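What follows is one structure encoded as structure tokens, with my remarks underneath.
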Amino acid sequence: MHFHMSRYSFKDIEARWQARWESEQCFAATEEPSRPKYYVLEMFPYPSGRIHMGHVRNYTMGDVVARFMRARGYNVLHPMGWDAFGLPAENAAIERGIDPSEWTYGNIDTMRRQLKALGLSLDWSREFATCDESYYHQQQKLFLALLRNGLAYRRESWVNWDPVDHTVLANEQVVDGRGWRSGALIERRKLNQWFFRTTAFSDSLLEALQTLDRWPERVKLMQQNWIGRSEGACVLFRLKGRDDRLEVFTTRPDTLFGASFCAISPNHPITQALAESDPRLADFIARCNRLGTSEEAIETAEKEGIDTGLRALHPFDPDWELPVYAANFVLMEYGTGAIFGCPAHDQRDLEFARKYGLPVVPVVAPDGSDPATFSIGDEAYTGDGRLIHSRFLDGLAVPEAKATVTQRLEAAGDGAGTVSYRLRDWGISRQRYWGCPIPVVHCERCGVVPVPEDALPVVLPRDVRFDVPGNPLDHHETWKHVPCPACGGPALRETDTMDTFVDSSWYFVRFCSPHADAPVVGSAAAYWLPVDQYIGGIEHAILHLLYARFFTRAMAATGYLDLEEPFAGLFTQGMVCHETYRDEAGKWLFPTEVTMNDAGQAVHAASGRPVTVGRSESMSKSKRNVVDPETIIATYGADTARLFMLSDTPPDRDLDWSDAGVEGAWRFVNRLWRMVAETELPMAARDAPAPEGFDPSGPGAAQETLRAVHKAINDVTADLERFGFNRAVARVRELTNAVAVLSEADPAAAWVRRQAFETLTQLIGPMMPHLGEALWEALGHETTLATAAWPTADPALVVDDTVTIAVQVNGKLRGTLELPRDAEEGDVRSAVLSLPVVAEFVAGRTPRRVVVVRNRIVNVVV
RNA sequence: GCGGGCGUGGCGGAAUUGGUAGACGCGCUGGACUCAAAAUCCAGUUCUGGCAACAGAGUGUCGGUUCGACUCCGACCGCCCGCACCA
């Protein structure tokens, strides 16, 4: 019985090192202009109540980067805060009568404690919540700056309206066209709302994507498509019997002679006007409005249209009349809210034309096809070719036809070439309580009046009621009624608050000078920004990142920043998933409620009733497929949880939670502890020189281990640099295996063991920092590993003298060959050809070709 | 519907970016230690055939390029993320 078989006591060790890091202020960041800085940031959490595994994964990755870069000599900024405004606090207030502020700050206290238990190397002195008065105070200043510069404005736009609860609903709160609480059919309503002029930076947001060389290509692509710059033309159709014109945007002006109808949005002013005297149309609009404001809902609904009775006249043929439909798939927000339909060359138009029996005339024929017989079946032809059935365009290629049509339209005053963007201005108004108040006042005489800076912040009142539907700020008479700052007359506060995306669009700036009485301190921002490495979920690939990029530009335009792009490097991590469980009634069950019975079937632990096991899905409260990090940390410790988050699954892919995987990580933590801290084999003293006559490049077990050590330094460093955490863990495990087999006790082995243990400890430091410190101390160090430098590899020890060459005959592996590195091609060739296996498969034939790839492979082709 | 991505053993994944497919881990099988168990250690583990040496097949499916394809190209299937008021 070995007395040291007791397991690694993580509870004491983790608490002890967390206390020491704090007392030594290891992670407090200060500006040191002489040192290179590195700003690591993970997307800050919403304080929902408790941290979840997605947080553990996100913050572990960021912490590895932070500790790694610190060890490599960078002055690292690694802050944490809370994205604390938002709907859930209000839902808690409505459902359980809890004050949103108390609910939020209570959650923050819990989650801070949980995050601290993970041993993250954060500078907690910079912490703030976006619902702190001191934060939203600065945000209100920024709003006023945008307003002064024309980047904030007010106009009408649509919301989802619940006619029973008299409340505006988020898209998420609309389920199958009904309000989630009331169950009432929702409607679209127009309200006056605040917008940020994101479109002022359309081109900059698009073009600067090219400079973001440390962003994932797919995120840049998604942003590019979201901005959706398209060149085309607007065409002004005359309307039969009317004086006004229908303005249509198209990317395919070349197909104008293939037009068979026009379609306008249900919310187009023309449709709205016609509906007043056309009940059929009014009914259609009402039905479309029930789809809500979500583009997804609109686009997935069955394509439907209704003939408005209007007739559009073809710009090149006044006798050619096109029916004008109101169609549910035409978005008022994109282009001009009106299109012309060319069914032969657009799939959606084709389906619409087939449904309503409209003509389908091909006007572009692919090269090599016969224009006389080319026709369209079930699929529109969207490719290149030559124009047919198109009068003056016949025979032209598509690009030439586009240019020709556009010129003719311009000459006739019937249209013009234009550039259109899919990107819309950002609607920031929310008819809700728990958000940053928009600091303006509406005066009967003066109109919209900004609240003067010295009267800021506009503070959220605490005495609000959630038992009446609607916006509590709107019901708060004493808060709402104020004298006009300009004329002193009676006025009303703006009761809309800001979208929480505004809060998260500049928090990374605030971290540079979190306590300043101004949004930004120039010198701090200049030193720390941009964020060198931003890490967060792929679900934020478009909106949050785009808004933050916009806001950075807006802050630059208003003089607060000298910066274009906020995030120099971006990494998008995958989600944490788990199997889902439902009981017989279909109710979701927590994994802790489910066990296996003797027959190996999943059953409800309490009742023994059968449980349906669903496939692994992203952990979510609603499906209850969650594992509580706190339980894991209490059982195995933070290092085990961190290790599991980093092992096996590449960080950008979804990770499947498994209990067995955690056990494996736990075993490895213990194995390292036993091997290094409790070794019974001799180990040289710290900083002892190599034993006399020791040749590190020579043969021997110790030498082999030493080479493994240096290779591991190289490999782990490279892996950590490119977010290969799972590979880095595998390399560390390999090194552990290599060190474990070194059982010799001679001075050379003792010296190598010291090198190996020190290196191993340093390499695991960023991933398992508490274990790292404990081992570092056991190895005799008095200062912390957190402040120690990263090890460097000896280049002479990382390459082997010989290489294994794969030998193929006709592309099939027939053997391998051990040869000196960088051997002459001729020598390699003859060595391979003289192999018995090769001779056997060549079978007397003369090789037609011998492909030799240096240090890698030889392929004999016969 | 539109945009973006992913798919490799029983499982998570690796593969120097066109050069020995399956590193590392989980699981499983056998063994050592133990009165026994746990823990630990050792060995094996893609599939098919074979005692074995070995042979054949194999990276979602079908086809193509190449001396050589998990990697490149085309079509298809399945799953995931986003779609502007969830954060």
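Remember, predicted model here, so these are calculated numbers, not experimental data.
- Residues Ile538(A) and Ser658(A) each lie close to RNA chain B; by heavy-atom proximity, the contact nearer the 5' end of the strand is made by Ser658(A).
- Map Leu546(A) and Arg849(A) each onto its nearest nucleotide of RNA chain B; the residue landing nearer the 5' end is Arg849(A).
- Under 3.5 Å, the side chains of Thr199(A) and Asp425(A) contain a donor-acceptor pair of N or O atoms.
- Note on Ile298(A): nothing from the nucleic acid sits closer than 4.0 angstrom, heavy atoms only.
- Considering only side-chain N and O atoms, Thr500(A) lies under 4.0 angstrom from the phosphate OP1 or OP2 of rA87(B).
- For rA57(B), the OP1/OP2 oxygens have a side-chain nitrogen or oxygen of Lys812(A) closer than 4.0 Å.
- Note on His540(A): a base of the nucleic acid sits closer than 4.0 angstrom, heavy atoms only.
- Distance, Asn225(A) CG to rG3(B) C1': 6 Å, rounded to whole Å.
- Between Arg422(A) and the phosphate of rA84(B), there is no side-chain N or O to OP1/OP2 separation shorter than 4.0 Å.
- Contacts of Gly86(A) with the nucleic acid, taken as non-hydrogen atoms under 4.0 Å apart, involve only primed sugar atoms and P, OP1 or OP2.
- At rC86(B), none of the side-chain N or O atoms of Arg432(A) fall inside 4.0 Å of OP1 or OP2 (strictly under the cut-off).
- Put simply, Arg653(A) has a side-chain N or O that comes within less than 4.0 Å of OP1 or OP2 on rG7(B).
- Among the atoms of the strands shown, none is found under 4.0 Å from any heavy atom of Ser618(A).
- No engagement by Pro45(A) is indicated, since no non-hydrogen atom pair under 4.0 Å with the nucleic acid exists.
- Residue-level contact check: Tyr421(A) touches neither bases nor backbone, having no heavy atom under 4.0 Å from any strand.
- Remark: the Tyr636(A) side chain and the Glu663(A) side chain contain an N/O donor-acceptor pair separated by less than 3.5 Å.
- Checking Trp158(A) against Asn289(A) by side-chain atom types alone, no donor-acceptor pair falls below 3.5 Å.
- Backbone-only engagement by Asn737(A) is indicated by non-hydrogen atom pairs under 4.0 Å involving sugar-phosphate atoms exclusively.
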Pairs counted as Watson-Crick or G-U wobble with both distances under 3.5 Å: what dot-bracket string results for RNA chain B, using | for bases tied to another strand?
(((((((..(((......[....)))((((((.......))))))((((....))))..(((((..]....))))))))))))....
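- Of the side-chain N and O atoms in Arg814(A), one or more sit less than 4.0 angstrom from OP1 or OP2 of rG56(B).
- Checking the phosphate oxygens (OP1, OP2) of rG5(B), no side-chain nitrogen or oxygen of Arg218(A) falls inside 4.0 Å.
- Nucleic acid contact class of Gln173(A) (heavy atoms, under 4.0 Å, all strands): none.
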Going 5' to 3' along nucleotides 15-23 of chain B, which nucleotides have protein heavy atoms under 4.0 Å from the base (write B), which only from the sugar-phosphate (write S), and which from neither (write -)?
SB--BB--B
